[in-house]
Engineer: 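Have a look at this one.
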Amino acid sequence: MIRVQREDFDIGAELDRLAAGDHRVGGVASFVGLVRDMGGANRVSALTLEHYPGMTEKKLAEIEAEANRRWPLAASLIIHRYGRLEPGDRIVLVATASPHREAALAACHFLIDWLKTDAPFWKSEETPQGERWVEARAEDEAARQRWSGGG
Amino acid sequence: MRLLYFAWLRARIGQAEEDLALPADVHNVAGLLDWLSGRGPRYAEALRDLSVVRVAVNQDYVGRNHPVRDGDEVALFPPVTGG
């Protein structure tokens with residue numbers, strides 16, 4: 001399931017719901033992304049997430065379908081927020097449920113790596129020097145490439 | 001053609017979207033970017049470094065040789081930074 005929303009989410013409720021009633025599920029894996037403030041010269045007082053409505057949902061659905069193709073998942077969930085967020089706020093939740101932990105953990109890792117390079121979101125940070133757009137990181141692309149051979 | 005701009009491309013061009021009639025001699029993404037660059041100083045500045053400009057046609061990432069035609073939804077944006 002895919003959700004793109006301005007509102008916060010309740011991690012416990014979402015994880016409970018993911019596997020509720022499905023007794024084949026032996027494990028639920030999750031990743032929660034938070035707004036980070038590294039302090040010092042890189043102090044971030046807030047960030048604003050912009051996205052491409054329509055394409056965002058399309059790309060997230062494709063990424064989720066790919067994870068379900070690669071691993072035997074009973075359920076999967078991606079929630080990604082947009083709008084203005086402050087340090088400590090939740091940005092993203094990725095969760096996967098599977099009969100076995102290996103599939104749940106690997107699929108969760110795969111989803112967050114792919115999401116970072118393929119989902120059309122952009123972050124702009126509020127800093128003491130003013131607003132600045134976050135630049136894409138080569139490490140994120142490398143992390144995504146790690147999964148390329150597995151398909 | 002509907003054009004959409006995101007992140008700093010939107011800020012530099014000064015608008016989020018516009019509808020434009022595609023010139024007859026523009027057939028692909030490279031041609032579109034070249035034509036847009038000539039539409040004024042804001043476009044020229046926003047599209048000065050094309051190595052940091054990504055393009056989606058009808059909500060799929062495409063390369064510079066991908067065809068474009070009137071009726072397409074074409075989005076220009078920097079490399080994505082979600083997650």
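Every chain is numbered from 1, with letters handed out A, B, ... down the list of sequences.
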Engineer: Under 4.5 Å heavy-atom distance to chain A, tell me which part of B:A56 shows up: side chain, backbone, both or neither.
Structural biologist: side chain
Engineer: If you count the non-hydrogen atoms of other residues, nucleotides and ligands that lie under 6.0 Å from CZ in A:R101, is the total more than 12?
Structural biologist: no
Engineer: Assigning hydrophobic clusters by single linkage (Ile, Leu, Val, Met, Phe, Trp, Tyr; side-chain heavy-atom cutoff under 4.5 Å), is A:L49 placed with A:I78?
Structural biologist: yes
Engineer: Only pairs of heavy atoms separated by less than 4.5 Å count here; which of A:E141, A:K58, A:R81, A:E62 has the most with chain B?
Structural biologist: A:K58
Engineer: Of the non-hydrogen atoms in B:P78 and A:W122, which two are nearest, and what is the gap between them?
Structural biologist: O-NE1, 2.8 Å
Engineer: Do you know which of B:Y61, B:F6, B:F77 has the most heavy-atom pairs under 4.5 Å to chain A?
Structural biologist: B:F6
Engineer: With the 4.5 Å side-chain cut-off for hydrophobic clustering, are A:V32 and A:Y82 part of the same group?
Structural biologist: no
Engineer: For a quick test of reading the model, state the closest non-hydrogen atom pair linking A:T117 to B:V80 and the distance between them.
Structural biologist: O-CG2, 3.3 Å
Engineer: Are B:L9 and B:L20 co-members of a hydrophobic cluster defined by side-chain heavy atoms under 4.5 Å apart?
Structural biologist: yes
Engineer: Is there a path of hydrophobic side-chain contacts, each under 4.5 Å between heavy atoms, that joins A:L105 and A:I11?
Structural biologist: no
Engineer: Quick check for you: to the nearest 0.5 Å, what is the distance between A:W133 atom CH2 and B:W8 atom CH2?
Structural biologist: 10.5 Å
Engineer: Heavy-atom pairs under 4.5 Å with chain B - which of A:D118, A:I112, A:V92, A:I91 has more of them than the others?
Structural biologist: A:D118
Engineer: How close do B:D60 and A:K59 get, heavy atom to heavy atom, and via which atoms?
Structural biologist: OD1-NZ, 3.2 Å
Engineer: Less than 4.5 Å apart, any side-chain heavy atom of A:E50 and any of B:R10?
Structural biologist: yes
Engineer: Show the nearest heavy-atom pair for residues A:V134 and B:T81, with the distance to one decimal.
Structural biologist: O-CG2, 3.4 Å
Engineer: Please classify the contact between A:E135 and chain B as side chain, backbone, both or neither, with a heavy-atom cut-off of under 4.5 Å.
Structural biologist: backbone
Engineer: Which heavy atom of A:Y52 sits nearest to which heavy atom of B:A75, and what is that distance?
Structural biologist: CE1-CB, 3.4 Å
Engineer: Counting only heavy atoms from other residues, nucleotides and ligands, does the tally under 6.0 Å from CZ of A:R36 exceed 12?
Structural biologist: no
Engineer: Is there a path from A:F9 to A:V28 through hydrophobic residues (I, L, V, M, F, W, Y) whose side chains come within less than 4.5 Å of each other?
Structural biologist: yes
Engineer: Less than 4.5 Å to any heavy atom of chain B: does that hold for the side chain of A:K123, its backbone, both, or neither?
Structural biologist: both
